[in-house]
Amino acid sequence: MNEEFAPPGVDTRTASPARIYDVFLGGKDNFAVDRAAAKVATDAGPDIPQAARENRAFLGRAVRFAIESGVRQFVDIGTGLPTQGNVHEVAQALDPSARVVYVDNDPIVLVHARALLPASATTAVIRGDVREPAGILKDAKLLELIDFDRPVAVLMLAVLHFAEDEQARAAIAAFRDVMAPGSLLALSHSTAEGQPERGRQAVGAWRDATARLRSRDRAEVEALFDGFELVEPGVVWVPQWRPDGDGEGTRWMYAGVARR
Ligand SMILES: C[S@@+](CC[C@H](N)C(=O)[O-])C[C@H]1O[C@@H](n2cnc3c(N)ncnc32)[C@H](O)[C@@H]1O
């Protein structure tokens, strides 16, 4: 996207996580500063765009698993710019009555999501910060669509690596406290485990962005599921979580899904 067409309120001089991810996914909603940042990551890890695509595929499998588990409500925190296989598309293809609330703190995501995603009786987009879960949980639009007395799937995919340890724990605890039995928590998370030097170089992409990225190892990601019961196969490399194919792929992110 050309800087002069940036929506009002969007800072085109500072890279943003949503737009860097959009570069990895081959999208058009990014600026020169985001492409330069993404290059720092892909110079260190040429397979990072593949990892982003694998993460989107995990999103699809996790949503399908939730529907198959009887869950019909979704809160997708750290939505990202609309792309293919958005949560409501996957969920509502399987059950048109499924309800989805998208939550993000980046103004460009909110502008594009509101323009492209149908504002409907079953889908909403709200501004919210995962580091301030109380604000999300009392949002009037969210509460119109989501009934926490019934099972809900809370998705935090590729977002908690933008939060400090205590913030990530507090966000999950705040949702855990209101989630009915049978609810699901799905996470994916960046890691540098097994390739610390390349990981150290890659995180440079987010050093001057609106949020920095921190890697966590498998044990740290497992610990985020405190108070939940992980479903099989536990916390694994993203491509290995209940794969449709052979589960081969990159080693940049962990994923897991757990029951309340
Ligand atoms: C890497 S993208 C992931 C998008 C999508 N969840 C996925 O996995 O395909 C990270 C998203 O999280 C959002 N984000 C980053 N920090 C956030 C925060 N503190 N609160 C809410 N959203 C945040 C970014 O704006 C971006 O849209």
Side-chain angles (χ1 to χ4, degrees), residues 7 9-11 14-27 29-30 34 37-38 41 48-63 74-90 100-114 116-117 125-137 139 142 153-172 174-175 185-191 202-203 205-206 209-215 221 238-239 241 250 252-257:
V10 169
D11 176 359
T14 309
S16 91
R19 298 186 325 235
I20 294 173
Y21 190 64
D22 184 62
V23 178
F24 296 150
L25 291 175
D29 299 320
N30 52 74
D34 306 302
I48 286 176
Q50 184 189 338
R53 291 192 296 275
E54 291 169 353
N55 184 55
R56 293 299 300 180
F58 164 66
L59 178 148
R61 299 196 301 279
V63 170
F74 296 82
V75 181
D76 179 24
I77 304 178
T79 300
L81 282 151
T83 177
Q84 287 173 353
N86 301 299
V87 174
H88 76 283
E89 291 164 341
V90 181
V100 180
V101 175
Y102 290 109
V103 186
D104 208 288
N105 72 341
D106 187 328
I108 200 164
V109 171
L110 301 169
V111 169
H112 284 267
R114 288 188 177 132
L116 292 176
L117 304 175
V125 180
I126 66 167
R127 181 178 198 136
D129 193 311
V130 74
R131 297 165 299 181
E132 293 164 22
I136 299 174
L137 284 167
D139 185 280
L142 179 136
V154 175
L155 313 178
M156 297 188 189
L157 269 51
V159 64
L160 287 176
H161 45 227
F162 298 112
E164 305 285 351
D165 289 348
E166 188 43 46
Q167 294 167 334
R169 271 196 293 271
I172 290 170
F175 279 89
L185 171 68
L187 299 184
S188 63
H189 199 294
S190 289
T191 189
V203 297
W206 292 270
T210 52
R212 289 186 171 203
L213 183 142
R214 57 192 56 66
S215 298
V221 176
V238 158
W241 195 88
T250 62
W252 284 109
M253 296 184 83
Y254 285 125
V257 177

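Remember, it's 1-based here, ligands and their atoms both numbered in the order they're listed. Keep in mind that this is a model prediction, so the values were computed, not measured.
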Discussion item. Regarding E164 and R214, does a basic nitrogen lie under 4.0 Å from an acidic carboxylate oxygen?
Written reply: yes

Worksheet item: Does the N or O separation between H161 and ligand 1 drop below 3.5 Å for any pair?
Response: no

Item to complete: Working to the nearest 0.5 Å, report the span between CG of L142 and CD1 of I136.
Response: 8.0 Å

Worksheet entry | Criterion side-chain contact (heavy atoms from CB on, under 4.5 Å) against V87, the qualifying member of L157, V101, T79, D76 | D76

Worksheet item: For V130, is at least one N or O under 3.5 Å away from an N or O on ligand 1?
Response: yes

Fill in: ligand 1 to A211 polar contact by distance, N or O atoms, under 3.5 Å
no

Response to the item:
Heavy-atom proximity to atom 26 (C) of ligand 1 ranks first, among L160, D106, D104, for D104

Fill in: Whether I77 lies under 4.0 Å from ligand 1, heavy atom
no

Worksheet item: Nearest to atom 22 (N) of ligand 1, what protein heavy atom do you find, and at what distance?
Response: N105 OD1, 3.4 Å

Discussion item. Looking at S16, is its backbone amide N or carbonyl O close enough to the side chain of D34 to form a donor-acceptor pair, meaning the two atoms are under 3.5 Å apart?
Written reply: yes

Discussion item. Can a donor-acceptor pair be found, under 3.5 Å and without considering hydrogens, that links the side chain of D22 to the backbone of D29?
Written reply: yes

Worksheet entry | From L25 atom CG to I20 atom CD1, the distance as rounded to the nearest 0.5 Å | 12.5 Å

Worksheet entry | For R131, atoms of ligand 1 separated by under 4.0 Å from a heavy atom | 19 (N)

Worksheet item: Less than 3.5 Å between some nitrogen or oxygen of R56 and one of ligand 1, yes or no?
Response: yes

Worksheet entry | Contacting atoms of ligand 1, where contact means under 4.0 angstrom from a heavy atom of A18 | 25 (O), 26 (C), 27 (O)

Practice prompt. Considering the heavy atoms of T79, write down every atom of ligand 1 situated less than 4.0 Å from one of them.
Written response: 4 (C), 5 (C), 6 (N)

Practice prompt. May I ask you to identify the nearest protein heavy atom to atom 9 (O) of ligand 1, giving residue, atom name and distance to one decimal place in Å?
Written response: Y21 OH, 2.7 Å

Discussion item. Can you tell me how far apart CD1 (I48) and CH2 (W252) are? Round to the nearest 0.5 Å.
Written reply: 4.5 Å

Response to the item:
Of all protein heavy atoms, the one nearest atom 19 (N) of ligand 1 is D129 OD1, 2.9 Å

Fill in: Proximity to ligand 1 by part of N55, non-hydrogen separation under 4.0 Å
side chain

Worksheet entry | N/O donor-acceptor pair under 3.5 Å between R127 side chain and L110 backbone | no

Discussion item. Among all protein heavy atoms in this structure, tell me which lies nearest to atom 21 (C) of ligand 1, with the distance rounded to 0.1 Å.
Written reply: G128 O, 3.4 Å

Discussion item. I need the Y254 OH to F58 CZ distance, nearest 0.5 Å.
Written reply: 14.0 Å

Item to complete: Could you check atom 3 (C) of ligand 1 against the protein and tell me its nearest heavy-atom contact, residue, atom and distance included?
Response: L157 O, 3.6 Å

Response to the item:
the protein heavy atom lying closest to atom 15 (C) of ligand 1 turns out to be F162 CD1, 3.7 Å

Practice prompt. Check whether the side chains of N86 and Y102 place a donor and an acceptor atom closer than 3.5 Å, and report yes or no.
Written response: no

Discussion item. Working note: Y21 + T83, criterion side-chain contact (heavy atoms from CB on, under 4.5 Å); need CA distance, chi angles, decisive distance, verdict.
Written reply: CA-CA 11 Å; Y21 190 64; T83 177; 5.9 Å; no

Item to complete: Could you tell me which atoms of ligand 1, counted from 1 in the order shown, lie closer than 4.0 angstrom to a heavy atom of G80?
Response: 4 (C), 27 (O)

Fill in: Best match, S16, A62, A158, P17: closest heavy atom to atom 10 (C) of ligand 1
A158

Fill in: N/O separation below 3.5 Å, G78 to ligand 1
yes

Practice prompt. Step through the shown structure and confirm whether more than 12 heavy atoms of other residues, nucleotides or ligands are within 6.0 Å of CD on E166.
Written response: yes

